[in-house]
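Below is one structure; the comments refer to it alone.
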Amino acid sequence: MRTLQSVPALLSALMLAAMVGCASTPTAESTGEYIDDTVLTANVKAAMVNQPELNASEINVETYKGTVQLSGFVSSQADIDKAVAAARSINGVKSVTNDMRLK
């Protein structure tokens with residue numbers, strides 16, 4: 001009988017632990033934010049690939065909490081400008097950090 005009474009308490013504790021484990025903190029993303037950032041990264045990469053004059057394979061894209069970071073070595077300032085514009089054009093991107101360098 002006592003075992004049956006502790007089941008709801010155990011389930012409540014497990015649910016609370018699961019919710020806390022998925023919560024966002026200033027230094028860590030929640031599971032939902034991680035998925036959102038993964039989608040943003042894929043969309044930014046696709047936008048750059050769709051620009052034939054831009055060599056998207058030279059550009060690394062990372063996203064954290066909606067902020068997209070572009071890095072890598074590109075051939076011209078025009079390529080940097082195109083990549084930044086492509087990233088900013090994606091719905092959901094909060095800001096773009098440009099860490100690209102000229103070759």
Side-chain angles (χ1 to χ4, degrees):
M1 182 90 154
R2 188 171 220 174
T3 304
L4 291 177
Q5 291 174 345
S6 63
V7 171
L10 177 63
L11 289 176
S12 296
L14 288 173
M15 287 176 47
L16 179 63
M19 287 190 302
V20 170
C22 295
S24 173
T25 68
T27 59
E29 293 177 298
S30 69
T31 304
E33 286 172 329
Y34 178 81
I35 292 169
D36 292 345
D37 285 344
T38 301
V39 170
L40 286 177
T41 298
N43 289 340
V44 169
K45 287 180 180 182
M48 289 191 293
V49 167
N50 286 333
Q51 296 186 17
E53 66 279 356
L54 182 61
N55 188 354
S57 65
E58 297 177 331
I59 303 169
N60 300 314
V61 181
E62 293 183 31
T63 308
Y64 182 74
K65 293 190 175 188
T67 298
V68 174
Q69 178 182 10
L70 303 176
S71 61
F73 294 93
V74 295
S75 302
S76 69
Q77 183 63 45
D79 288 346
I80 291 173
D81 296 340
K82 289 173 191 170
V84 169
R88 287 186 176 144
S89 73
I90 302 302
N91 192 21
V93 171
K94 294 178 183 175
S95 65
V96 177
T97 302
N98 173 25
D99 289 329
M100 293 179 283
R101 303 286 182 249
L102 296 176
K103 290 183 191 179

* Below 4.5 Å, heavy atoms only, C-beta onward: do V44 and T63 meet side chain to side chain? -> no

* Among the clusters formed by ILVMFWY side chains lying less than 4.5 Å apart, do Y64 and L70 turn up in the same one? -> no

* State plainly whether one hydrophobic cluster holds both L102 and F73, where clusters connect Ile, Leu, Val, Met, Phe, Trp and Tyr through side-chain heavy atoms under 4.5 angstrom apart. => no

* May I ask you to test the L54-I59 pair for a side-chain heavy-atom distance under 4.5 Å? => yes

* To do: State, to 0.1 Å, how close N50 and P52 come at their nearest heavy-atom pair, and which atoms those are.
  => O-CD, 3.3 Å

* **Shortest non-hydrogen contact between A87 and V96, atoms and distance** => CB-CG2, 3.8 Å

* If you measure from CE on M48 to OG on S57, what distance do you get to the nearest 0.5 Å? -> 10.0 Å

* Taking atom CD of Q51 as the centre, report whether more than 12 heavy atoms of other residues, nucleotides or ligands fall under 6.0 Å from it. => yes

* At their closest point, which heavy atom of A83 faces which heavy atom of M100, and how far apart are they? -> CB-CE, 3.8 Å

* **Residues that E53 engages under side chain to side chain donor-acceptor pair (under 3.5 Å), provided they are two or more places apart** => none

* Asked: How far does CG of L40 sit from CD1 of I35, to the nearest 0.5 angstrom?
  -> 12.5 Å

* Can you find a heavy atom in the side chain of V74 that is under 4.5 Å from one in the side chain of N55? -> no

* Shared hydrophobic cluster for V68 and V84 (ILVMFWY, side-chain gaps under 4.5 Å) -> yes

* Spell out, yes or no, whether I90 and Y34 are grouped together once hydrophobic residues are joined by side-chain heavy atoms under 4.5 Å, including indirect joins. => no

* To do: Kindly state each residue pair satisfying side-chain hydrogen bond (donor to acceptor under 3.5 Å, both in side chains) with at least one member in residues 75-88, sequence neighbours excluded.
  => Q77-D81

* Structure fact -> Those residues at least two apart in sequence (or on a different chain) that pass side chain to side chain donor-acceptor pair (under 3.5 Å) with K103 are E58

* Structure fact -> Heavy-atom nearest pair, A28 first then E33, reads O-OE1, 4.3 Å

